[in-house]
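Naming convention: chains lettered A, B, ... in sequence-line order (proteins, then strands); numbering from 1 in each chain.
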Amino acid sequence: MKPFEFLDGPIRARFPELSAEDITFAAAPRLEVGDVALRTFSAAKKLGMAPADFAKAVASGVTFGPEVRAVAPAGPYLNFTLDRGMVARGIVSAVLGEGGQFGSNSSGAGRRLLIEHTSINPNASPHVGRARNAMIGDTLVRLFRFERYGVEVHYYVNDMGRQIGLLVLSCGDPEALSFDAMLDLYVEANARAEHDAAFAEEGYRQLALMEQGDPAVRAKFHAVTERCLRGQLAVLARLGIAYDRFDRESNFLLDPRLDRVLDALREKEAVFTDEEQRLVVDLSKLGHAREEGRYFVLMRANGSSMYGYRDLAYTIDKMERGADVNLWLLGEDHKLYAEQQALILGAAGIAAPEPIYYSYILLREGKMSTRMGKVVLLSDFLDEAIRRAAEKVDEQCTDLAPAERRAIAEKVAVAAVRFAILKIGPNKNVTFDWETSLSFNGDTGPYVQYSCARISSILRKFGEVPAEIAADFPATTDAEWRLLTHLASFPGIVAAATAQRACATIAQWALESARLFTGFYHDCPVLTADSGAKRIARVQLCAATRQALANALAILGIEALDRM
RNA sequence: GCGCCCGUAGCUCAGUUGGAUAGAGCACCGGCCUUCUAAGCCGUAGGUCACCGGUUCGAGUCCGGUCGGGCGCGCCA
């Protein structure tokens, strides 16, 4: 959707040297100055003119269509006063016409994308810090699906750790245990291993047996990790997060495809056996410039493989699936590691996935730690959110049945939790705070949902929204205009988010939409508008706003509500 | 020590990739529910965009340095 094509076309017809990128429109600083502004800097530079001269040349030398009422140069800026109704009509038609597709640029049509995200160690319940990975990952999945990519979501199951070995020793039949009981056992086993050397040793022995392929041990590991994984997925599912494939680390032991990598490393003399009999890669031979992180251990002296070695096989496996785009969502602590993996695979001519990093959510006391018990568990966080949302819904929606109220409370809670995380840029260290992240007021998911509910309420009272959009669309007040031009910016926001693999701008866009809608809501009565034509135009604008908001919220994994 | 990320209002964060007078929310203070849902709105107040220098018509945004915070540099995964 190009809302200002009627400006851009005539200018380029008069100055054929210019391309679309040279002509960028922005909101004028104040609506008294104009309805939309053109920054002339880049166009003027291309033409070798002074910006102010270019602005004057456009104002006096370009003939615009009926949409343009006035053109006013202001130094290097050019302010246009428009026939708002004509422009508004185009925007509302586009939104309502495209419906659930509005905002999509279909940039992924016919393309496949593979993404790996979350991949929490089985012995841990997801906490808020880790959940940042899952929520960002899941939102990227939704964003790329919205752009019509064929997306496959992978979860790497780290079923090879010593901690799993300890769990295997401690629990009988894992199916007889709850996930929480399993986690308690893990903490217990870990504590015991601290002072009981024989027990710790036995954990390593289990791991060795696992690696050697002992069928009984493998079955036991599988049963334990399966139980844990189900527990984790149940928590993540409450936030609407799901996966297509689960890739078990134990399936990538001694993978024959790694021979190709080892051969390539040997050829470049980048791999050697050190004085302690470990198999080590010297990354300096592969272009790694610094001493830090120069050596990467593949195998221990006893011949067992390191995590990073198995991960190479897993990455090869993912890359061989033939997706057009491969994404790998990682905490910032994995930056060097991902670079090392890419260098090693690169030596064998294998491309590595495109990493996407996010920073940690910290507590006021410091970093979250499962072992130290310094965590906010995702399930507790969500429970508290539902409790608070239910209080509000119970006092607000007294006419609804308890089950309906409960369903709304759960959706509000998901909105609060997801939005609180997603609205923040991923490379920002966030200090977690219960009150801020569970607030339903202000810049929050529930606030956006609330705007949707208000619109739905108007639409319910109005009845069927007419499909026909009037030629002289009478939605021309400042509040209506601000809202309309903002709605029109959505496809561009989606395109940028897709290109940057970042979703915070979608959340920011939704917030601004909700704010602008609220401004409209207060300034412009819909049901009691002073003319029939205005009533229809406004209800159509309401429907368009709801549609655009619902599309944005869907990308964020949040449901637009009709009641709350 | 070396590398990467971050530093914007008392607090939590935006800032459309270098453009007109730096914006929201929370908290504080003062208003608004016989009027489409007050999970809302309006108003007051709050800023040396960490600091120093540079690049240019123009810098919160780009470059260099300093200070402060986070992360990484494992026979962990």
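Contact check for A:Arg192 versus A:Leu169: no side-chain heavy atoms found under the 4.5 Å cut-off. Between A:Leu229 and A:Tyr155 the shortest side-chain heavy-atom distance falls below 4.5 Å.
Stacking annotation: A:Tyr77 is stacked on the base of B:A20 (ring centroids less than 5.5 angstrom apart, interplanar angle below 30 degrees).
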RNA chain B in dot-bracket, Watson-Crick or G-U pairs under 3.5 Å, [ ] crossing, | other strand? (((((((..((((.....[...))))..((((.......))))......(((((..]....))))))))))))....
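Of the P atoms belonging to B:C33 and B:A38, the separation is 12 Å, rounded to the nearest Å. Comparing B:C6 with B:G10, their P atoms are spaced 23 Å from each other, to the whole Å. Distance check on atom P: B:A22 versus B:U61 gives 14 Å, rounded to whole Å. If you take atom C1' in B:G58 and the same atom in B:U66, they sit 26 Å apart, rounded to whole Å. Spacing of C1' atoms, B:G23 relative to B:U16, comes out at 13 Å, to the nearest Å. Rounded to whole Å, the separation between the C1' atoms of B:U48 and B:U8 comes to 12 Å. Comparing B:A27 with B:C42, their P atoms sit 16 Å apart, to the nearest whole Å. Rounded to a whole angstrom, the distance from the C1' atom of B:A77 to that of B:G72 is 15 Å.
B:C13 atom P lies 9 Å from atom NZ of A:Lys423, rounded to whole Å. For the pair A:Ile455 CD1 and B:A39 P, the interatomic distance rounds to 16 Å; values are reported in whole Å. Following rounding to the nearest Å, A:Phe517 (CZ) and B:C41 (P) show an atom-to-atom distance of 12 Å. Atom P of nucleotide B:G72 and atom OH of A:Tyr357 are separated by 14 Å, given to the nearest angstrom. The distance between atom CZ of A:Arg515 and atom C1' of B:A24, rounded to the nearest whole Å, is 5 Å. One atom, CD of A:Gln508, and another, P of B:G23, lie 16 Å apart when rounded to the nearest Å. Between the P atom of B:C41 and the OH atom of A:Tyr450 lies a distance of 9 Å, rounded to the nearest Å. When rounded to the nearest whole Å, the span between CG of A:Asn429 and C1' of B:U12 equals 14 Å.
In this structure, A:Arg388 does not reach the B:A39 phosphate: none of its side-chain N or O atoms is under 4.0 Å from OP1 or OP2. Within the 4.0 Å cut-off from OP1 or OP2 of B:G40, at least one side-chain nitrogen or oxygen of A:Asn441 is found. Close to B:G3, at under 4.0 Å from its OP1 or OP2, lies no side-chain N or O of A:Arg290. In terms of phosphate contacts, A:Gln163 brings no side-chain nitrogen or oxygen within less than 4.0 Å of OP1 or OP2 of B:C76. The side chain of A:Asn121 places no N or O atom within less than 4.0 Å of a non-bridging phosphate oxygen (OP1 or OP2) of B:A77. OP1 or OP2 of B:A39 sits under 4.0 Å from a side-chain N or O of A:Lys392.
The listed nucleotides are B:A77, B:G1, B:C75; the one nearest the side chain of A:Tyr337 is B:A77. Of the listed nucleotides (B:A20, B:C5, B:A77), B:A77 has the atom at the smallest distance from the side chain of A:Arg310. Checked against B:U37, B:C76, B:A14, the side chain of A:Lys428 finds its nearest nucleotide in B:A14. Across B:C36, B:C41, B:U17, the shortest atom-to-atom separation from the side chain of A:Gln500 is found for B:U17. The listed nucleotides are B:A77, B:U21, B:U37; the one nearest the side chain of A:Met306 is B:A77. Considering only the side chain of A:Ser457, B:C36 comes nearest among B:C5, B:G72, B:C36. Of the candidates B:G70, B:C36, B:C76, B:C76 carries the atom nearest the A:Arg300 side chain, counting heavy atoms from C-beta on. If you check B:C13, B:A20, B:A77 against the side chain of A:Glu249, the one that comes closest is B:A77. Comparing atom distances between the A:Asp443 side chain and each of B:A39, B:A24, B:C57 picks out B:A24 as nearest. The side chain of A:Arg30 lies closest to B:U21, out of B:U21, B:A38, B:A39.
For A:His154 against A:Tyr314, the heavy-atom pair with the smallest separation is CB-OH, 3.7 Å.
Within the 3.5 Å criterion, the main-chain N or O of A:Ala453 finds no donor-acceptor partner in the side chain of A:Ser457. Under a 3.5 Å cut-off, the side chain of A:Arg278 and the backbone N or O of A:Met299 do not form any donor-acceptor pair.
The environment of NZ in A:Lys46 is crowded: more than 12 heavy-atom neighbours from other residues, nucleotides or ligands sit within 6.0 Å. A:Arg130 CZ: 12 or fewer foreign heavy atoms inside a 6.0 Å radius. Counted within 6.0 Å of CD on A:Glu464, heavy atoms from surrounding residues, nucleotides or ligands total 12 or fewer; the atom is thus considered open.
Taking the six-membered ring wherever Trp is involved, the centroid distance between the rings of A:Phe41 and A:Tyr77 falls below 6.0 Å. Ring centroids of A:Phe520 and A:Phe517 are separated by less than 6.0 Å, placing the two rings close together.
The base of B:C75 sits with one of its N or O atoms less than 3.5 Å from a complementary donor or acceptor on the side chain of A:Glu276. The base of B:A20 sits with one of its N or O atoms less than 3.5 Å from a complementary donor or acceptor on the side chain of A:Asn79.
In summary, A:Arg501 and A:Glu354 engage in a salt bridge, as defined by a charged side-chain N under 4.0 Å from a carboxylate O. At a threshold of 4.0 Å, the pair A:Arg515-A:Glu512 counts as salt-bridged, since one of the basic side-chain nitrogens sits closer than that to a carboxylate oxygen.
Taking the six-membered ring where the residue is Trp, A:Tyr337 and A:Phe296 present tilted rings, their angle falling between 30° and 60°.
Near RNA chain B, meaning a heavy atom under 4.0 Å away, the residues from residues 522-544 of chain A are A:His522, A:Cys524, A:Pro525, A:Val526, A:Leu527.
Base orientation of B:U17: syn, the glycosidic angle falling within 90° of 0. B:C49 adopts an anti glycosidic conformation, its chi angle falling more than 90° from 0.
Across all strands shown, A:Phe41 has heavy atoms under 4.0 Å from base atoms, whether or not it also approaches the sugar-phosphate.
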